[in-house]
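The chains referred to below are lettered A, B, ... by the order of the sequence lines, with proteins before strands, and numbering in each begins at 1.
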Amino acid sequence: MKLATWNVNSLKVRLQHLLEWLARTQPDVVCLQETKLEDTGFPKREIEAAGYAACFHGQKTYNGVAILSRRGLSQVEPGIHGYADDHKRVLSATVDGVRVVCTYVPNGQAVGTIKYAYKLDWFLAFERWLAEGLAHHPQLAVLGDYNVAPEERDVHNPKRWAGQVLFSEPERAAFRRLLGLGLTDAYRLFPQAERMFTWWDYRLNAFQKNMGLRIDHILLSDALARRCRSCSIDLAPRALERPSDHAPVIAEIADE
DNA sequence: ATGGTAGAAACTCTA
């Protein structure tokens, strides 16, 4: 089973990129973030014509998540149980016995702001809820835009980014607590090239200069990590005209 | 040195 995550930064704008990428890459499950679409405006017809069932949890202008699957979808659940949040950031569904969680972690804006405090509070709720999720679903995959670069090698210039939002120590500690629940960063299961990232600012030609951060991740429970055969970042969509500022991440899980 | 771009929506906020 091929699992993928991609922050598309507006599904309306990126629909053609997505459809072409689905046809070329042939993933089984895709988690999308920043769809920026209300559910009534979701391009269900186009996605279904490409061979994918879809569930979605969106809102106007900001946030919005969706899960696409060509192996069916069941037990769809929006949000973090017990955590009231106006932002549509989490969606879960089961595909072939795998519990898939699609997440769009708050950006946090800047250290010390209200949005940063919300990010850390949100992480606490997410962590608590994932601990329960792991207890109920041994085969759990948590894919999305975490808005955290875990390590220095995940940042193009760790000195400049030290203490900044997306790389501050409290955010990295929150990310490590997720790993502490029994989740594994699929990307680090395998040898990877140096200076590989998933997000590059639109400004200052950041992508051309590879001034990026690795903030999009696929976390796998032990049972799934054992079956994981590869994990890679697909840089091609980021190089297209009018791209998302994020690249997709793909993990292959061996069928049982 | 505090820019710069992109998206959505509506002359600003978020990333």
Please list every donor-acceptor pair under 3.5 Å in which a side-chain atom of residues 51-62 of chain A meets a protein atom from a residue at least two apart or in another chain.
unit_1  : atom_1 : unit_2  : atom_2 : d
A/Tyr52 : OH     : A/Pro27 : O      : 2.5
A/Gln59 : OE1    : A/Asn63 : ND2    : 3.3
A/Gln59 : OE1    : A/Lys88 : N      : 2.7

#### Entry: Residues forming a side chain to side chain contact (heavy atoms under 4.5 Å, CB included) with A/Gln75, sequence neighbours excluded
A/Thr94, A/Arg99
### Query
How many angstroms lie between atom NE2 of A/His87 and atom CG of A/Asp85, to the nearest 0.5 angstrom?
6.0 Å
### Message
Give me the distance, rounded to whole Å, that separates B/dA9 from B/dA15 when you measure between the C1' atoms they each carry.
### Response
15 Å
### Task
Classify the nucleic acid contact of A/Phe207 as base, sugar-phosphate or nothing, counting any heavy atom under 4.0 Å across all strands shown.
nothing
### Message
I'd like the C1' distance from B/dT2 over to B/dA8, given in whole Å.
### Response
25 Å
### Query
What distance, rounded to whole Å, do you find between the two P atoms, one in B/dC13 and one in B/dG3?
15 Å
### Message
On DNA chain B, compare the nucleotides closest to A/Asp145 and A/Tyr202; which residue's is nearer the 5' end?
### Response
A/Tyr202
### Message
My understanding is that only residues two or more places apart in sequence, or in another chain, count here; which of them pass side-chain hydrogen bond (donor to acceptor under 3.5 Å, both in side chains) with A/Ser92?
### Response
none
### Task
Identify, between A/Arg14 and A/Trp199, the residue whose nearest nucleotide on DNA chain B lies closer to the 5' end.
A/Arg14
### Task
Please find the earliest and latest nucleotides of DNA chain B, in the 5' to 3' direction, that have an atom within less than 4.0 Å of any heavy atom of chain A.
B/dG4 to B/dA15
### Query
Linking Ile, Leu, Val, Met, Phe, Trp and Tyr through side-chain heavy atoms less than 4.5 Å apart, which residues share a cluster with A/Leu183?
A/Ile80, A/Tyr83, A/Val90, A/Val101, A/Val105, A/Tyr118, A/Trp122, A/Phe123, A/Phe126, A/Trp129, A/Leu130, A/Leu134, A/Leu140, A/Val142, A/Tyr146, A/Val148, A/Phe175, A/Leu178, A/Leu179, A/Leu181, A/Leu219
### Query
If the C1' atom of B/dG4 is compared with that of B/dT14, how far apart are they to the nearest Å?
16 Å
### Task
Please identify each residue that fulfils side chain to side chain contact (heavy atoms under 4.5 Å, CB included) with A/His156, with sequence neighbours left out.
A/Arg160, A/Trp161, A/Arg195, A/Phe197, A/Met211, A/Leu213
